[in-house]
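Encoded as structure tokens, the structure appears first; notes follow it.
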Number of protein chains: 2
Amino acid sequence: MKQSKKGRVTLQQVAKHAGVSTSTASLIVRNNPRISEATRKKVLKSMHELGYVYDRIAANLRSQSSDTVGIIITDISNTFFSEFLIGVHDALDEVGYTVLLGTTFDSVAKQDHLLSTMMEHRVGGLILCPVSESSQDTIERLNEIDTPMVLAVRELPGVKSDYVGIDYPEGARIAVDHLLGKGHKRIALLGGIKESSTWIERMAGYREALSRAGLEVDESLVIDSAPTREGGLEAVLKVLENPNPPTAIFCFSDLIAFGVMQGLMMKGITPGKDMDIVGFDNVPVAEIYHPPLTTISSFPRRIGKEAANLLYQQMEKIEREQQRIILNPELIIRESS
Amino acid sequence: MKQSKKGRVTLQQVAKHAGVSTSTASLIVRNNPRISEATRKKVLKSMHELGYVYDRIAANLRSQSSDTVGIIITDISNTFFSEFLIGVHDALDEVGYTVLLGTTFDSVAKQDHLLSTMMEHRVGGLILCPVSESSQDTIERLNEIDTPMVLAVRELPGVKSDYVGIDYPEGARIAVDHLLGKGHKRIALLGGIKESSTWIERMAGYREALSRAGLEVDESLVIDSAPTREGGLEAVLKVLENPNPPTAIFCFSDLIAFGVMQGLMMKGITPGKDMDIVGFDNVPVAEIYHPPLTTISSFPRRIGKEAANLLYQQMEKIEREQQRIILNPELIIRESS
DNA sequence: CTGAAAGCGCTTACAG
DNA sequence: CTGAAAGCGCTTACAG
């Protein structure tokens, strides 16, 4: 697990070679302006000749600082998180931080381990997208960490820290409002696991949008399923057996929506024409699907950017209250409704 | 750009608290077995009480070693790379390395900068997916780096290092063979930028498969385009104007294939029935598209895994020849042909 | 099995 | 503007 390095050229050697003191050389690598142009050039030349590479690790150790930030996400293969990562990177690159990345695959054990690793690596800050069932232990532990930290995507009750997330109920609300606006009265909610917080929040928005329109939830139009395309397919087949079937469908996710549309086509029903569909997530394919899917975007890239900004403020000790940023999702209208 | 940390508990303090010497404490954190169970427990208890966090940075500095590896990719949002990353992570997590991640967005300048950053951070090893037009400078520089390194996905002429990549011509060959096997004689090659190495390699495979079958390339069936869905749409529309149109289409990528299929449907031609289609990449959507797309998979996850393994061998100084692993792509048959 | 001392490559005061 | 010395938090020989 270790790899040793052979003789690295040190700042001292550079200083000696250039005929200056180590302190002078140190000031030069740190771009301190109070060094004469002449000596600076001389030293730079020596560095080049000797093939000197600055040792940030040693520098950080001595100066008790860090220029790395740790990012812990649950799944890289999920488009949402890769977009999130891009947002974080964009913001962080600008200010010169280096990213230490960890993936938990939604395992508490991995998350605990990564937390330790990051702390042991003296990260200057941490952005954590918690696993779905973080333990009470983890929560206590997070509160003990005195490194700047921001939670993203999933909030952890009891953890005192900045948070950036999305208003899922609002997303569901605007999706259903859109369908309501098209004159639909029987709108199904298809797919997703009823126990998950994400489902519960969508359900809340769905219920609220209907109730505002003076409509009641018809439980026979709410069918849960695995959060997959197959799940969507099964759910739509089931709802179509309803003696009084829906005229529009709000899907738990885009993936579900793809399955739903497949099921509709199998039954000779054309999505976007015979049946209005809204998805959730705005995965990149939603746009190129056939038909292009109307859906809710939660702007993962922006979440990443905001999280990075909050972290940056903490790391630079910019004084402010603890923040909680909840982004509003947006409806992206395409051809499926 | 820096963040200072307040009083960290040190090993020395732990040792003092536990009433042992620092060396003993050091041996304990490194799980050295020649410490008595009794003192180990005592020290562990002190560590817990004081809230000690091991400082890997300091340890690495002193022992002249590193437990981090740098990974430089060109684009996180590209599924290929996120899958690649998963492969790398999987292999590396097992052996306890921590990942430093950088994204170049295909910019030489960013790549150069990241290379510096990683070296300055004393990474123990480096996996590099080079940008498409690395300069001669970069190549020389890479040859000067004495840190373990493996190149992945794109080979760099003149760089002496392990390499893991894919046999693109072979991928094109099996795609075209598949179509040939279904009795097609007029097979189009649609989409992609003619100047790119990826296109040239696909073209080579296409040409070879046809020539083996005793067929010549009909240039009017080879239409390039932007590597997007729109590009595929334009290309197929163009090829359909051919007085002697193709009966099957090999697409530069899955994205192109989606555009092609869209174009076909616009013309009332059903992909998989009236026209056989093969894509390239096997992006996750290929499977759930309508119709599910027959395509070529290049197993990005496996490439990542192999790259990590090669790097690991170098880092552990396992003696062997320089390696060049070229993975064979595979045909994934679904409904589009 | 344990202890005292030196050193990894930097930066930090502090004198000059 | 430059130099000599101490120290960041560890590990590494080397004695005991």
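Not measured: the values here are computed from a predicted model. To find a chain, count down the sequence lines: A is the first, B the second, and so on, and within it residues start at 1.
The interatomic distance linking A:Gln12 (CD) with D:dG7 (C1') rounds to 14 Å, in whole Å. In this structure, A:Arg122 atom CZ and D:dC8 atom P are separated by 11 Å, rounded to whole Å. Atoms CG (A:Leu61) and C1' (D:dC8) sit 4 Å apart, rounded to a whole Å. In this structure, CD of A:Gln13 is placed 13 Å from C1' of C:dC10, rounded to the nearest angstrom. For the pair A:Asn32 CG and C:dC10 C1', the computed distance is 15 Å after rounding to whole Å. The interatomic distance linking A:Leu11 (CG) with C:dC8 (P) rounds to 14 Å, in whole Å. We find that CG of A:Asn60 is positioned 12 Å from P of C:dC10, with the value rounded to whole Å. Taking atom CZ of B:Arg30 as the reference point, atom C1' of D:dT12 lies 8 Å away to the nearest angstrom.
The side chain of A:Ser26 contributes no N or O atom lying less than 4.0 Å from OP1 or OP2 of C:dC10. Put simply, B:Gln64 has a side-chain N or O that comes within less than 4.0 Å of OP1 or OP2 on C:dG9. The side chain of A:Arg56 places no N or O atom within less than 4.0 Å of a non-bridging phosphate oxygen (OP1 or OP2) of C:dC10.
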Between the protein and nucleotides 1-3 of chain D, list every N/O to N/O distance that falls short of 3.5 Å.
from	atom 1	to	atom 2	distance (Å)
D:dC1	OP2	A:Arg34	O	3.0
D:dC1	O5'	A:Arg34	O	3.2
D:dG3	OP2	A:Ser21	N	2.4
D:dG3	OP2	A:Ser21	OG	3.2
D:dG3	N7	A:Ser23	OG	3.2

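Counting only distance, with no hydrogens or angles, the side chain of A:Arg320 and the backbone of A:Gln313 share no donor-acceptor pair below 3.5 Å.
Between the side chains of B:Arg141 and B:Ser116, at least one donor N or O sits under 3.5 Å from an acceptor N or O. Side-chain atoms of A:Ser23 and A:Ser26 form no donor-acceptor pair, as typed in the model, at a separation below 3.5 Å.
The only option from B:Val88, B:Leu151, B:Val164 that meets the side-chain contact (heavy atoms from CB on, under 4.5 Å) definition with B:Ile127 turns out to be B:Val88.
If you check distances only, the side chain of A:Arg62 does reach the base of D:dG7 with a donor-acceptor pair under 3.5 Å.
Nearest heavy-atom pair across A:Tyr97 and A:Thr68 is CD2-N, 4.3 Å.
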Report summary line: Each base of DNA chain C marked ( ) or [ ] if paired in-strand (Watson-Crick or G-U under 3.5 Å), | if paired to another strand and . if unpaired gives |||.||||||||.|||
